[in-house]
Structure formats: structure tokens, C-alpha cells
Amino acid sequence: MQRLTRSSARQREEETRPSLPSTNQNSSKRRKQSTENTVTATGNDQVSSDKVAKRTPEEPSNPTTAGTKPSASNSSQQPEQVQNQESDVEISEIPESDVSYFGYCSDDGGEVQSNSKVATETSCMDEQARRRQQQEDTEEVAELLGVENSVATLLLRSVAWNKEDLLSRYMEDAEKVCAAAGVANPAAVSLAMLSAQVSDRECSICRLDGPLAFSALSCGHSYCDCCWKRFLSLKVEEGETRIVCPEPSCSLQVPENIVRQLCDRETFEKYSAYVENAFVDESKTCVWCPYPNCGLSVGTTDSSSKFIICAQRHSFCVECRSEAHAPAQCDQVIEWLKKCDDDSETFNWLSANTQDCPKCQSTIEKNGGCNHMTCRKCKHEFCWVCLGLWQSHTDYYSCNRFDPDKVKASEDGKAKSRAALDRYLHYYHRYMNHERSRKLEEQIRDKAVLKMEELQKKEPQRLWGDVQFVGEATEKLCKCRVVLKWTYVFAHALEDSSSQKNLFCFLQEDLERNTERLSELLESEVENLLKAEVKSEVLALAAVATQSRLKLLQGVEEGLVA
Amino acid sequence: MPYDAARVQKELVEIERDKASGVGIEMKGDNLGHLVGVIKGPESSPYDGGTFKVDIEITPSYPFEPPKMRFITKVWHPNVSSQNGAICLDILKDQWSPALTLKTALLSVQALLSSPEPDDPQDAVVAKQYINEQETFRSTARYWTEAFAKVVNDDDKVTRLVEMGFGEGDVKAALAKCGGDENAALEQLCGGS
């Protein structure tokens with residue numbers, strides 16, 4: 001596509017509009033508002049959900065059910081499965097066998113992934129499922145140990161919600177388990193709250209004389225109800241979820257039902273919310289999605305991959321909590337991001353948003369993801385990244401390769417640090433470029449939908465389903481972009497001119513070329529995309545690009561041996 | 001009233017009754033929200049013989065929140081800031097319980113003077129010295145106790161100033177004028193001569 005100099009005001013406007021990921025609520029809301037057209041637009045999602053709904057029952061070993069919830073009883077499992085189907089819809093694009101060691105997902109199967117070492121689905125647990133699991137675990141422990149639910153909660157929290165661990169430890173040494181959980185032993189009597197005993201003695205907190213109503217946990221340290229209430233309310237206000245008896249030497253914890261009994265409803269609701277959140281913080285089976293303002297929890301137990309996806313389709317790394325970064329490793333990512341922070345000043349002047357046409361020196365602004373530039377003035381075709389002829393990218397592609405010889409020749413005599421900086425900038429430039437491209441490309445689908453609305457006004461016979469494939473292809477394109485972005489971090493860590501690097505660059509080159517081809521095609525006008533032959537080309541290219549992506553990831557997984 | 005005045009009042013009466021504990025509380029005017037604690041330096045510690053004043057602020061949520069305590073008297077101690085007297089003590093922070101009192105808090109501060117916890121320091125310089133140079137630490141702490149925590153009576157001040165060569169009458173007049181501040185009196189005596 002040509003992305004030329006002063007782009008029109010309209011295009012700029014489109015660029016500055018905040019990007020709306022195609023699956024987020026805002027965009028779907030927006031689409032829903034715009035009359036009946038939207039039905040077909042969201043119909044896109046509908047179709048893929050249907051696909052999954054059909055697929056799920058065929059896979060009896062659905063990991064969400066199998067792993068995180070060791071069956072309490074058959075009857076309780078029934079509604080769970082339904083729920084799982086619902087939540088699977090959210091991650092419909094990831095069939096069970098698609099996530100390998102590196103956690104990449106394939107959308108269209110193919111031979112590549114069959115070789116993957118590990119194949120499991122990343123489970124995602126929504127708020128409701130999480131709450132239900134919590135409830136079930138609590139009830140089961142309460143029943144088995146003959147204690148009340150709120151005591152069971154305290155016991156479970158002391159062992160990070162590992163039910164099996166709790167039960168086996170409890171059988172071994174109940175005393176120890178109770179002490180650690182701040183529960184009286186035997187746990188059954190822990191709740192003997194000696195409530196509302198009116199007495200004339202002085203309360204040791206407010207120092208008021210009776211008659212006052214006194215309450216105590218089973219430890220017997222009694223305080224007046226008024227002080228209890230204030231004590232609990234202030235602790236809840238502080239966000240404390242493990243409230244212990246006010247007596248300094250006592251370690252007994254206040255169970256949930258006591259908080260409910262003594263505090264007003266608002267305070268108790270706050271407390272319950274904190275305790276629920278604490279489940280995610282304490283439990284080793286789920287984590288918070290690190291994306292800003294997401295706030296969803298995701299189950300981790302069933303995933304052999306460290307990259308998981310939340311119900312909002314944010315994919316992230318469980319270990320370093322950054323974006324899913326295959327093929328790069330966590331330590332490479334951490335080091336890289338730190339380096340980017342440190343060197344950002346140096347890079348400021350390089351990362352300017354405009355470049356000059358290498359032939360006629362017109363100022364060029366990039367407003368699309370495609371890197372194939374055609375100068376509107378002199379018709380020179382070049383690559384945005386390396387400023388070389390675009391021709392060389394189709395015949396002999398070397399844009400992705402860092403050429404140490406070139407640097408040596410040109411920088412001969414200069415300090416080594418300068419060469420290192422050049423090397424870093426080479427990778428950084430490409431890394432940032434793919435990131436920027438992805439952000440722009442994420443809007444392709446929305447743009448296509450908008451354009452379709454316009455078209456439909458003119459030609460009512462147009463069907464919304466006609467642009468559906470654009471959304472699917474865009475998603476695949478974005479996945480390629482993310483992987484491409486992180487390949488430059490991986491390549492930066494690889495030794496130059498080693499055999500591994502050669503092979504890696506070859507795979508990267510293949511992916512980059514196919515990604516650019518797909519991007520170029522997808523960014524053409526909607527009228528063009530509606531042609532049958534273009535549609536089939538887009539679909540074919542998307543499949544090819546995905547294949548390249550999987551090949552690269554598998555190559556890395558196998559240690560880059562030819 | 002923002003804080004539990006009834007309870008503070010009762011605490012003051014109790015602490016007044018128990019003089020043997022080595023800690024006390026003085027009132028600053030009528031305000032029950034702002035008090036001054038007095039701690040006797042523990043025996044067999046470098047603080048022995050000193051009297052340490054602690055600024056106590058009763059927070060509105062007291063006794064459900066800890067009182068704010070800070071040394072007014074300068075102290076050389078790993079868990080006390082040598083700059084502003086801030087105290088690093090768990091029961092004055094998250095380990096506070098409404099069942100604790102001002103007296104127990106002051107006793108804990110006193111106990112802290114006897115047994116410093118250099119692993120959880122408030123003043124890094126002092127803590128380093130405490131770990132690496134025990135002897136230097138002890139003598140510095142003792143010196144600070146002598147210099148800042150000794151209650152000096154007027155007779156001693158007069159004697160010292162007279163020894164410097166000033167007339168007894170002038171010394172007494174200068175001290176009276178400066179409200180008993182020895183250094184200010186000395187300055188005045190020097191300026192006047």
C-alpha cells in the first residue's frame with residue numbers, strides 16, 4: 001500500500017481515534033447500537049462460538065473440569081460443564097491442541113502443531129466460575145471436617161486453597177493446621193461466639209462500665225459489641241482480610257460469619273469482596289490478568305504453557321506478567337524492556353514518526369501497518385524499515401538480517417560501543433515497528449465494518465457476512481505481528497552469525513514476508529476486499545502466514561537445529 | 001469528641017498510680033489529644049540515667065488505631081531516627097491492638113531501648129555502627145544520653161558558667177532572662193561583656 005506524506009485529514013482523524021480492539025466491550029457496544037446491521041457484524045462472533053460449542057462436547061477431557069475441580073460429586077459437576085462451554089466460547093479460537101510449550105495458538109490446525117511437546121488448552125475462569133469453585137471447596141471441607149463454612153474458609157486460606165493438601169495435613173496433625181489457620185482446635189467449636197452476654201464489668205477497649213453486651217470468640221477474650229463492631233469495621237476499611245482477636249497474645253482469626261453478624265451490610269459486603277479477591281491472590285490456581293483495567297482472573301492449573309488468555313482475550317505470560325512474548329524468553333524480555341527504558345533517550349531522535357523518501361527526499365508519514373511504501377511524488381517503492389528497494393524484499397529479502405560486516409566497514413575505527421548501539425537500534429527499530437504496525441492493523445476490522453455501513457446505504461443488497469473474513473484474517477495478522485515483534489528481542493539475544501541465528505533469521509524472514517503480504521492486501525479498500533478472488537487470496541495468505549508463525553515457534557522450541 | 005476521651009482519661013489515672021513502672025505521661029495543657037510520655041532509660045543500657053521524652057499524638061480512631069509516638073529527646077539508637085526521633089516499632093504500626101494501652105506502648109518503647117533490633121533499622125547509620133562497632137555505639141549512645149537526656153538543675157548550670165569566669169550574679173540574671181537555657185545565657189554573657 002502506499003502510505004504517503006501528508007495523509008489526508010480524515011485519515012489522521014482515524015489514526016488519532018483510540019484504537020478499539022475488535023473484541024472489547026466498547027466496540028461491540030458501539031456496533032450493537034448501530035441498528036440491525038450490527039446483528040450481522042457481531043454474527044461474526046456468533047459463528048465462531050457455534051463452532052466451539054460443537055467442538056467442546058467432543059473433547060471430554062476438557063481441562064477446566066478435569067484439573068482445577070477434582071470432582072466433589074457428579075451432580076455438582078453438571079452445571080459446571082455448561083459454564084465451561086460458555087467460558088470456552090470466549091477463547092473460541094484456541095482449540096485444545098493448539099498451545100504448545102511456548103503457548104502459541106494455531107487457528108487452523110495443520111501438521112506443524114502435531115509435533116508440539118505439550119498440547120493443552122489454557123483455561124480461563126471467569127468470576128462466576130471462580131466463586132463457584134470457592135464455594136464448592138469450602139462446602140466440601142466443611143462437610144468432611146464437620147465445621148462451619150466460615151471456619152472451612154479460614155482453614156483453606158491458610159493452605160492457599162489447596163484442598164487436598166489441607167485434608168491430608170489435617171488428618172496428620174489437626175492441632176498444627178488449626179494453629180496455623182488461626183482456628184480453635186477442635187475446629188468444630190471455633191465458632192462458639194459467646195454473644196450478647198450482658199455484664200457489669202468494664203470493657204478493656206472502651207473502658208466503659210457496664211451493663212454492656214459482651215462477645216468473644218472461642219478464646220474467651222470478650223469485648224463489648226460496640227468495640228467489636230468498630231474494631232471489625234476499621235479492619236475492613238484497611239482492607240484486612242485476616243482479622244485476628246484484639247487480644248495481643250491471641251492468634252485466633254475472626255471467621256466470616258462473625259463479621260456478618262456484627263457489622264452492617266455495607267461493611268460485610270466490602271469484606272466479602274476483599275476475601276474473594278484474596279482467593280486469587282492466595283490461591284496458586286489462578287492469577288489476575290495484568291492488562292490495565294481488566295480485573296479478570298484466569299485459571300492456571302490446566303495450562304502447561306506459561307502463556308494464558310483471559311476471557312477478554314488478553315494473552316499474557318504467567319511468569320513475568322507481560323504480554324505473551326513467544327519466542328523470546330522471560331529473562332530476555334525483562335532485560336530487553338529494561339534496556340529500552342534506559343536507552344529511550346538515545347532512541348528518541350531515531351524513532352521520529354516521519355522519514356524521507358530515499359529517492360526524492362519528500363517527507364513521509366506512515367499511517368498503516370504495511371511497510372511497502374510507494375512515494376506518491378516519484379513513485380519510488382521502498383521498505384519503510386530499511387529504506388531499501390522494495391524489489392529486494394520480494395526477490396532477495398534481507399531486511400530482517402543484521403549485517404555485522406556492513407557495520408564494521410562503515411564504522412571502522414569507531415568505538416565498539418557504537419557498534420553495540422547500532423546493533424541494538426537495529427533490533428529496537430524493528431521491534432517497535434511491528435508493535436506500531438499491530439496497533440494500526442487492529443483497527444482494520446473496525447474500519448471494514450464502518451466502510452461496510454457506508455456501502456450498505458448505497459447498495460442494500462450487500463451482506464454483512466461478506467466482510468466477516470476480514471476480522472478473522474486481521475486477528476491472525478495481529479498474532480503474526482506480536483510474534484514478529486518478539487522475534488527481534490530473541491534475535492538480539494542470539495549470537496551473530498551462529499548457525500542457530502542463521503536458521504532463526506530464515507524463519508523470521510519467511511514470517512515477515514508473509515505477514516507483510518497479508519497486511520498489504522488487508523489494507524486495501526473494502527470494495528477490493530469484497531471481490532471473491534481477493535477474499536480467497538486473503539484467506540490463503542492468512543493460512544500461509546499462520547503456518548510460518550507456527551514453523552518459527554516450533555523451530556525455536558526445538559532448539560533451532562536444522 | 002474525635003477520640004475516646006473517657007478511655008484516655010482512665011489510662012492517665014492508671015499510669016499516674018503506677019509510678020514504679022518507669023514510664024509516665026505528662027499533659028500538655030488541657031488537650032487529651034496531645035501528650036508527652038516520659039521514659040526512664042533502662043538499667044545496664046547506655047541510656048541508663050537518662051530521662052527520655054516522647055511526643056504522643058492520640059489519633060481520632062484511638063484506641064483502634066495506634067497512638068503516634070516520636071522521641072522529643074535526641075536518642076542514639078538503631079530503631080530511632082537520630083534526626084527526627086521517629087520510632088520503628090511493630091506495635092506502633094501493624095501489630096497494634098485496641099487492647100493495648102499508652103502505658104504498654106511506652107513500656108515497649110522502653111524495652112526497645114534495652115534490646116535494639118538492628119535488622120529492622122530506622123536509622124541506617126546507627127544500625128551499621130551497632131552491628132560493626134559495638135563499643136563506639138555504646139559510647140556514642142552514652143554520650144547522647146549525657147548530653148540530651150539528663151535533667152540538669154539550675155545550680156549545676158550556675159556552677160559551670162561561674163567556672164568559665166563570669167560573675168555569679170550576672171550568670172543568674174542571664175539564666176533567668178533566657179528561661180534556664182544554658183547556651184543562650186552563655187551567648188548573652190559573652191555578648192554583654
Side-chain angles (χ1 to χ4, degrees), chain A residues 182 193-194 199-254 258-259 262-264 267 270-271 274 278 281, chain B residues 1-18 21 23-25 27 32-33 35 37 56-69 87-112 115 117 120:
Chain A
M193 183 89 180
L194 316 164
S199 162
D200 273 344
R201 66 198 166 84
E202 183 192 78
C203 166
S204 61
I205 293 180
C206 63
R207 295 300 179 88
L208 292 176
D209 294 319
L212 293 166
F214 282 89
S215 294
L217 296 180
S218 50
C219 54
H221 301 120
S222 69
Y223 307 96
C224 77
D225 284 358
C226 192
C227 284
W228 265 114
K229 193 179 165 182
R230 244 187 114 193
F231 171 69
L232 294 174
S233 306
L234 274 161
K235 286 284 174 192
V236 172
E237 215 51 56
E238 284 169 17
E240 180 66 63
T241 55
R242 291 174 193 270
I243 307 176
V244 286
C245 170
E247 173 63 30
S249 58
C250 183
S251 59
L252 223 56
Q253 284 198 35
V254 181
I258 302 293
V259 180
L262 289 170
C263 291
D264 54 58
T267 309
K270 217 181 237 180
Y271 175 76
Y274 287 146
D281 297 334
Chain B
M1 205 158 289
Y3 48 84
D4 191 341
R7 168 165 160 159
V8 177
Q9 194 72 57
K10 280 199 177 181
E11 282 196 45
L12 288 177
V13 173
E14 272 164 29
I15 209 163
E16 190 61 37
R17 255 187 243 147
D18 185 11
S21 62
V23 297
I25 290 181
M27 294 231 335
L32 279 176
L35 307 165
I56 305 173
E57 196 190 317
I58 309 288
T59 56
S61 301
Y62 182 82
F64 297 95
E65 270 179 17
K68 284 185 183 157
M69 290 195 178
I87 307 166
C88 180
L89 182 61
D90 57 356
I91 68 143
L92 291 179
K93 288 164 187 160
D94 53 327
Q95 292 300 306
W96 172 258
S97 149
L100 292 169
T101 61
L102 294 174
K103 184 178 155 188
T104 50
L106 285 173
L107 286 171
S108 299
V109 174
Q110 192 185 37
L112 185 69
S115 39
E117 285 174 35
D120 186 18

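Below, all heavy atoms of this structure are taken into account, side chains as well, without hydrogens, waters or symmetry copies. Residue numbers start from 1 in every chain, and the chains themselves are labelled A, B, ... in the order their sequence lines are given, proteins ahead of strands.
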If you check both backbone and side chains, which donor-acceptor pairs between chain B and chain A fall under 3.5 Å?
residue, atom, partner, partner atom, Å
B:Arg7, NH1, A:Ile205, O, 2.8
B:Lys10, NZ, A:Glu202, OE2, 3.0
B:Lys10, NZ, A:Arg207, O, 2.7
B:Glu14, OE1, A:Arg207, NH1, 3.2
B:Glu14, OE2, A:Arg207, NH1, 2.9
B:Ser97, OG, A:Pro246, O, 2.1

Subject >> Contact class of A:Leu234 relative to chain B, heavy atoms under 4.5 angstrom >> reply: side chain

Subject >> Contacts of B:Gln110 that satisfy side chain to side chain donor-acceptor pair (under 3.5 Å) - sequence neighbours left out >> reply: none

**OP:** Identify the two heavy atoms, one from A:Pro246 and one from B:Pro98, that lie closest to each other, and give their separation to 0.1 Å.
**Re:** CB-CG, 4.0 Å

Subject >> chain B contact via A:Cys245 - side chain, backbone, both or neither, heavy atoms under 4.5 Å >> reply: neither

